[in-house]
Amino acid sequence: MAFINLLRCYVCDGRFAPRLMTRIDGDDNAAKREIAINRRDGFQRPALEVTDLTKICTNCNQSIRNEIVAIEEDPACLRLNVLTQTRNSTCLICDRTDNLNVLSIECKVNVFISHNIFIPQNTKSCQHHLNVEGMLLGPLVQGLRSINRPYVIRGLYLQAFLQGLRNVANQPRKIDENSISNSEFQCLCPINKQQFEELFTFCDKLPCTGGYKYVDKKDLLMFLCKMRKGLSDEFLTVIFQYPSRQATSMAVATVRQSLMLRVVPLNIGFDAITRQDYIDRHVTDLANVLYNAEPQTSRLITCIDGTYMYIEKSSNFRDLRQSYCVHKGRHLVKPVLIIAPDGYILDIQGPYFSDSRNNDAAILQNEFDADADRMLRWFQEDDIVIVNRGYRDAIGLLRRLGITWKMPALLPPNQCQLSTDDANESLVTKQRWIVEARNGHLKLIFKFLQQTIPMHHVPNFGDFCRIAGAIINKYHPTIEMTGADAEKAYEMLEKAKEPNTV
């Protein structure tokens, strides 16, 4: 049995029998050779010298001859990047021949604008390669191949194509994950495109009267943009082209409720992580050595602190009075964060009013009373809680529960400096900074939490805080010390491991 030595085509790099190949060397093939070289460059293949052994396949030869004829007939004809998958009887993606749809003018215009690839008139595709708007799916568009050659657009197709371009030019720019770049997307949203796609899979439908409410990507992006930038519903209505402000507010409520179903329970709260996983993954060596009397036995260590979130004045006198903070001289509410030593947000409690009855100690006491079973299941004897002086009235509660508390020491009367023992016991700020950093991190990433909260959002403000915390835990779970603070902390850690350290 004789074996045929197959040759490679200079242009398409396919392997064919010699009888199906055509030479492109010599003076008679100068035009053909020039086009072949340009096409090889267009396919981004390495340059290759043309010799008497250089040949092209029948398909490439016929295509090049057609281009030469077109140039001879009309030297001024347009050169376009024409799609190479142009069989009218098969799908341009998978070559199937059944259940095909001719691509719409809008789809072809979209590909031409975004990727500079012209799709001929009767090109077809399978339905599952298109989205609900009839456009080719993004990853498939990335894989389209084209070749730069003369092409004449005639008659009604030219008119329809130009009208499609005109329609796109007259439309306001649509904001979605496909129409903006990665940098623009992260300017609007606290996560990147890949994380956005993942988060969208957790947006469950909501049961309602007569059916279900669904969350689409536009609604989720709008909600994250509101959280990221703190924009009003009126402004978001204009940017995301909702029909009315009421429609925008309904979309915000739908996304908020949907995220509370799965995203929040899976990423924040006492049920999102087990006690042992928390100790193994989020209690740092520095915190364990500094505060645990028995470093060889890891303990649960948390930092607890409240933060201020400013709100508008309420028309309800009782709410107006209870939300006024004498210390700040403004109306605000107080969510309380329980933070791990590495910045993981274990839970966000509240928010609480800011009057005198809701000081830090009273809030902690209320949480243990309101959710005693779960709190006592999590906080057990010999656990360590790092707090500030605002929790001094809760020391009795912590002592009764057997919880070790770490709090900055107070100077005794007529004394201007702490004793050595008190100073060594007051290394609270070396680890308690993490709760302040995470408070600032939340407000830095989510400007909605930093500004004055509109009154119609206050009843659901706890949901907004927990959604922000869940996104932080899922995509920004830890905070690392850097620079001089890190060097001092690890120097202290090494000294603490040495025996007889004062």
* I would like to know whether His115 and Leu144 meet side-chain contact (heavy atoms from CB on, under 4.5 Å); could you show each step before the answer? => CA-CA 9 Å; His115 291 78; Leu144 295 180; over 6 Å; no

* To do: Would you check if there is a donor-acceptor pair between the side chains of Gln127 and Asn101 at a distance under 3.5 Å?
  => yes

* Is the backbone N or O of Gln195 less than 3.5 Å from a side-chain atom of Tyr475, with the two atoms forming a donor-acceptor pair by type? -> yes

* Nearest 0.5 Å please: distance from the NZ atom of Lys447 over to the CG atom of Leu231. => 11.0 Å

Kindly list each side-chain donor-acceptor pair under 3.5 angstrom involving residues 332-341, sequence neighbours excluded, with atom names and distances?
residue : atom : partner : partner atom : Å
Lys334  : NZ   : Asn358  : O            : 3.3
Lys334  : NZ   : Asp360  : OD1          : 3.4

* Structure fact -> Paired with Tyr391, the side-chain contact (heavy atoms from CB on, under 4.5 Å) test is passed by just one of Ile395, Asp393, Val387, namely Val387

* Taking side chain as C-beta onward, heavy atoms only, is Leu224 less than 4.5 Å from Val255? -> no

* To do: List the steps, then state whether side-chain contact (heavy atoms from CB on, under 4.5 Å) holds for Cys126 with Cys94.
  => CA-CA 8 Å; Cys126 299; Cys94 63; 3.5 Å; yes

* To do: Check Gly469 against Ile345 and note the closest heavy-atom contact, atom names and distance.
  => CA-CD1, 4.0 Å

* Does the pair Leu236 and Cys225 meet the rule for a side-chain contact (heavy atoms from CB on, under 4.5 Å), with working shown? -> CA-CA 8 Å; Leu236 292 170; Cys225 180; 4.2 Å; yes

* **Pair Ser249-Asp233, side-chain donor/acceptor within less than 3.5 Å** => yes

* To do: Flag yes if more than 12 heavy atoms outside Gln142 fall under 6.0 Å of its CD atom; otherwise flag no.
  => yes

* Smallest separation among heavy atoms of Thr248 and Tyr242, with atom names -> OG1-CB, 3.4 Å

* To do: Could you check Arg228 against Cys189 for side-chain contact (heavy atoms from CB on, under 4.5 Å), going step by step and ending with a plain yes or no?
  => CA-CA 6 Å; Arg228 178 76 176 93; Cys189 192; 5.9 Å; no

* Asked: With a 3.5 Å cut-off and no angle check, do the side chains of Arg299 and Thr404 form a donor-acceptor pair?
  -> no

* Structure fact -> Rounded to the nearest 0.5 angstrom, the CD1-CG distance for Ile467 and Asn267 is 11.5 Å

* **Leu130 side chain near Ser125 side chain, heavy-atom distance below 4.5 Å** => yes

* Asked: With a cut-off of 6.0 Å (strictly less than), are more than 12 heavy atoms of other residues, nucleotides or ligands near CZ of Phe161?
  -> yes

* Asked: Around Met250, counting heavy atoms of other residues, nucleotides and ligands shown, do more than 12 lie under 6.0 Å from its CE?
  -> no

* To do: Could you label the plane-to-plane angle of the Trp378 and Phe270 rings as parallel, tilted or perpendicular, counting under 30° as parallel and over 60° as perpendicular?
  => tilted

* Under the 3.5 angstrom rule, does the side chain of Asp347 hit a backbone N or O of Gln349 as a donor-acceptor pair? -> no

* To do: Could you tell me which non-hydrogen atom of Arg262 sits nearest to which non-hydrogen atom of Thr201, and how far apart they are?
  => NH2-O, 3.0 Å

* Asked: More than 12 non-hydrogen atoms from neighbouring residues, nucleotides or ligands closer than 6.0 Å to CD on Gln159, yes or no?
  -> no

* Interatomic spacing from OH in Tyr308 to NE2 in His331 - rounded to 0.5 Å -> 15.0 Å

* To do: Compute whether any side-chain donor of one residue and acceptor of the other, for Asn167 and Gln163, lie under 3.5 angstrom apart.
  => yes

* Structure fact -> Sorted by chain and residue number, the side chain to side chain contact (heavy atoms under 4.5 Å, CB included) partners of Ser114 (sequence neighbours excluded) come out as none

* Decide whether Lys443 and Thr307 meet the rule of one side-chain donor and one side-chain acceptor closer than 3.5 Å. => yes

* To do: Flag yes if more than 12 heavy atoms outside Arg166 fall under 6.0 Å of its CZ atom; otherwise flag no.
  => no

* To do: Over all heavy atoms of both residues, which pair between Leu259 and Cys203 is shortest? Give the atoms and the distance, please.
  => CD2-SG, 3.8 Å

* Asked: Taking NZ, NE, NH1 and NH2 as the nitrogens, is one of them in Arg281 or Asp342 under 4.0 Å from a carboxylate oxygen of the other?
  -> no

* Carboxylate-amine/guanidinium contact Arg275 Asp383, below 4.0 Å -> yes

* To do: Assert yes or no for the condition that the ring centre distance of Phe464 to Phe446 is strictly below 6.0 Å.
  => no

* For the residue pair Phe196 and Phe200, does the interplanar ring angle fall in the parallel (under 30°), tilted (30 to 60°) or perpendicular (over 60°) class? -> parallel

